[in-house]
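Worksheet for the structure shown next.
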Amino acid sequence: MGMTLAEKILARASGCECVAPDQVVVARVDLALSHENADLVRKSFLEIGVDRVWDPSKIVIVFDHRVPAESEKTAATHKAVREFVAAQGIEHFYDVGRGGICHQVLPEEGHVRPGMVIVGTDSHTTTHGAFGAFATGIGATEMAGVWMVGSLWFKVPSTLRIEVEGEFRPWISAKDLILHIIGRLGAAGADYRAVEFDGPAIRRMSVASRMVLTNLAMEMGAKVAFTPVDEILLDYLRPRVAEKLEMIAPDADARYERAIAIDAGEDLWEPQIACPHSVDRVQPLSALGDVPVHQAVLGSCTNGRLEDLEVAARVVAGRTVHPRTRLIVIPASQQIYREAMRLGFIETLVAAGAIINPPGCGPCVGVHQGILAAGETCVSSTNRNFLGRMGSKDSLLYLASPAVVAASAIAGQLAHPVSLVKQSEPCLVEA
Amino acid sequence: MPGGSLTLRGRVRALLGDDIDTDMIYPGRYLNITDREKTAAHLFELAYPEIRAAIQPGDVIVAGKNFGCGSSREQAAAALKFAGAGAVIAASFARIFFRNAINLGLPAVVSPDAAPLCSLADELEIDLGAGEIHNLTNGRTSPSAALDPRAVELLAAGGLVPYLKRKYINSRRETCPSTE
Ligand code: SF4
């Protein structure tokens, strides 16, 4: 019987010929990712009483949630993790100023390959499905078990297949597509499931745009999400990965729980916005009327990549951020930061009045670098708008594409870029 | 205790709706607290501070669909456990929260029927192995999904850390019996 991508990878990692949904398998883990919460993992690990991690070459730790340390408490956590990394000889550690957001650093530094099993103590670990990896989030205590034995039990998920065809309209991007899908399926619409995104519209997307889909699939509960392993992906990976790369694909006769067809041109007429306080409260921009904006945030593991900074630079070029609005820009990694400087995007954004935060999560998780006051409204390119996510529980958080974030910063209210930039250009960076 | 039973009792302290996310359960700003016991102080701090104020040891939180969606933060499950919650019953759970709860020794019980059959302060008896919830106050019984024997075993051990601790020590005994 044919297998989906999730089934294929789990079968191989667990030494089974064939697996089927709901079967429980114990799979070897190829990569174990943590960020600042490596400190929680470390504590559980030491509590178990083990001396050494199973394989110091397979653990990656990236500081991103609180960089540089915003408090003495965090500084102490960072220090404890650094010492643990040194004591255990953990080979891949990205300290403050060396990496960026973990989900950007992992592929950028060549840690991810098609067919791998990756677990991370971060829910958006699903992002790495854009590289053909079975990648999912787990908790810190469970990770301590992985650090100990290098394997984990998984229930084989059933798979949703989402086929996207058609041409994206100008200014409509991967973010609008995935918000539209989450709006349709709901916050629990893919709970416990694997998702395969495919179809001509996906195969034309840049790797960065595909990462937006696999990243946000988590917000409908997906355990893992994939985009195709094709030449565009291999072109991205080849210069970064020393190991041999493998083409993997679902079998033609794989069984899907459900298939959904979307036409990007027909179904997505205008930018999609997730309204407070839930990612599945999705509305087309024009349905929202005038929504004044106090803060606009461009960044995160969802939309802090070069193409995102580029489209924002294109929107704000020669314009000025509205007097009532603050525009906060956070490149997702040091590499992206340098490229954006080299290409002049940073110059353009700063000239328009943006403030640039250091590569990292910035205010996304509500700890520092742009916290909202009660009564404030923010439009953000991030992936969560839960109550109080970015500060006060009496603030409002709208999620949108980078183009809409940039346009809203200039307009001082939620705005379609087309209202500012007359000559409309496609916003997806074609690969 | 594979296949064994585990029964607990507690009062319904909160009846919540669908999609209770981990930011509501435990705000992101406190994620730098890595002492599990200390997380309890911030349980539901922004969304439902009254629950934190009222919760008593053994109390049960009852909720709708997709409880614990969002972040992988283990502090969400830890805050519930160390604030005294004896169990969470929900129509469904987000997967990472569910695993975190069991790994920390906090029973997470799936029951689509429990919420409509409960009122605040009702006393419940939950039979984890058999998959039954008895409402001792109104005499009704609702089914719950029987917990996987693996999960019952983890809960009985008090969570993954004590479980692994025991296993690790035993395996060392197995591999080097001469040290005994
Ligand atoms: S950018 Fe936001 S969503 Fe992404 S890893 Fe950081 S805190 Fe999590």
Side-chain angles (χ1 to χ4, degrees), chain A residues 24 36-37 39-40 42-45 47-50 65-66 70-71 73-74 76-77 80 120-125 136-142 144-145 148-149 153 155 157 186-188 191-192 218-219 221 223 277-280 364-368 371 384 386-393, chain B residues 18-25 27-36 39 45-49 64-78 91-105 148 150 154 159-169 171-172:
Chain A
V24 173
E36 273 88 343
N37 62 13
D39 191 44
L40 268 174
R42 180 188 71 87
K43 284 186 172 167
S44 290
F45 183 77
E47 221 178 297
I48 298 167
V50 198
H65 276 54
R66 295 159 183 262
E70 90 302 345
S71 65
K73 177 93 185 75
T74 297
T77 302
T121 44
D122 190 276
S123 54
H124 294 104
T125 302
T136 193
I138 60 172
T141 296
E142 195 142 60
M148 177 178 163
V149 298
W153 67 272
K155 191 184 252 189
D191 251 1
Y192 294 91
M218 202 286 134
E219 301 310 319
K223 180 179 207 158
H277 299 287
S278 168
V279 189
D280 61 359
C364 175
V365 70
V367 289
H368 63 173
I371 299 303
R384 283 193 179 134
F386 300 153
L387 181 91
R389 171 81 179 179
M390 205 180 272
S392 169
K393 69 175 170 47
Chain B
D18 294 342
D19 300 326
I20 300 297
D21 63 66
T22 48
D23 277 78
M24 287 188 196
I25 304 169
R29 67 187 68 164
Y30 302 116
L31 288 179
N32 62 355
I33 298 178
T34 54
D35 295 329
R36 291 193 204 106
T39 59
E45 184 169 302
L46 300 181
Y48 306 107
K65 284 188 286 209
N66 205 25
F67 186 88
C69 60
S71 151
S72 67
R73 66 190 64 165
E74 192 165 281
Q75 286 96 332
S92 67
F93 288 93
R95 54 167 287 277
I96 306 179
F97 179 89
F98 183 81
R99 288 181 84 126
N100 283 344
I102 303 293
N103 285 330
L104 288 183
D148 186 78
R150 191 189 309 256
L154 283 176
L160 185 64
V161 166
Y163 174 84
L164 286 177
K165 212 173 182 168
R166 220 170 45 202
K167 211 169 140 178
Y168 180 64
I169 291 164
S171 77
R172 271 216 292 213

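Hydrogens, waters and symmetry mates are skipped; everything else that's a heavy atom, side chains included, is used. Everything numeric here is computed off the predicted structure, so don't read it as measured data. Proteins get letters first, then strands, A, B, ... in listed order; numbering begins at 1 in each.
Interface remark: D148(B) contributes no atoms to any contact with chain A (heavy atom separation under 4.5 Å). Of the two parts of L31(B), the backbone and the side chain both hold a non-hydrogen atom closer than 4.5 Å to a non-hydrogen atom of chain A. Heavy-atom distances place the side chain of I96(B), and not its backbone, under 4.5 Å from chain A. The contact between M148(A) and chain B is made entirely by side chain atoms (from C-beta outward), counting heavy-atom distances below 4.5 Å. Contact annotation for S278(A): neither backbone nor side-chain heavy atoms come within less than 4.5 Å of a heavy atom of chain B. With a threshold of 4.5 angstrom between heavy atoms, E47(A) approaches chain B through its backbone and through its side chain. Only the side chain of K43(A) comes within contact range of chain B, with at least one heavy atom under 4.5 Å from a heavy atom of that chain. Heavy-atom distances place both the backbone and the side chain of F93(B) under 4.5 Å from chain A.
Note: S92(B) OG to Y192(A) OH = 7.0 Å, rounded to the nearest 0.5 Å. Atom-to-atom distance recorded for N37(A):CG and Q75(B):CD is 7.5 Å, nearest 0.5 angstrom. A distance of 6.0 Å separates CG of D280(A) from CG of D19(B), quoted to the nearest 0.5 Å. Going from atom CD1 of I48(A) over to atom CZ of R166(B) covers 13.0 Å, rounded to the nearest 0.5 Å. Note: N100(B) CG to T141(A) OG1 = 7.0 Å, rounded to the nearest 0.5 Å. In this structure, the separation between OG1 on T74(A) and CG on N32(B) is 4.0 Å, given to the nearest 0.5 Å.
Between G70(B) and S123(A) the shortest heavy-atom distance is O-CB, 3.6 Å. Here the closest heavy-atom approach between residue D23(B) and residue F386(A) is recorded as OD1-CD1, 3.4 Å.
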**OP:** Go through the steps to decide whether R36(B) and S44(A) satisfy the test side chain to side chain contact (heavy atoms under 4.5 Å, CB included), and finish with yes or no.
**Re:** CA-CA 10 Å; R36(B) 291 193 204 106; S44(A) 290; 2.5 Å; yes
**OP:** Would you sort out whether T22(B) and R384(A) count as a side chain to side chain donor-acceptor pair (under 3.5 Å), showing the intermediate values?
**Re:** CA-CA 11 Å; T22(B) 48; R384(A) 283 193 179 134; 5.4 Å; no
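Taking K155(A), H124(A), R389(A), E142(A) one by one and counting their heavy-atom pairs under 4.5 Å with chain B, the maximum is reached by E142(A). Heavy-atom pairs under 4.5 Å with chain A peak, among A94(B), A47(B), S71(B), at S71(B). When each of R66(A), H368(A), E219(A), M218(A) is checked for heavy-atom pairs under 4.5 Å with chain B, R66(A) comes out on top. Among K165(B), R99(B), K65(B), R29(B), the residue making the largest number of heavy-atom pairs under 4.5 Å with chain A is R99(B). Note: I138(A) leads T77(A), I138(A), V149(A) in heavy-atom pairs under 4.5 Å with chain B.
Checked by atom type and distance alone, the side chain of K393(A) never pairs as donor or acceptor with a backbone atom of L46(B) at under 3.5 Å. Checked by atom type and distance alone, the side chain of R95(B) pairs as donor or acceptor with a backbone atom of G137(A) at under 3.5 Å. Under a 3.5 Å cut-off, the side chain of S72(B) and the backbone N or O of T121(A) do form a donor-acceptor pair.
Using a 4.5 Å heavy-atom cutoff, the side chains of R150(B) and V24(A) are in contact.
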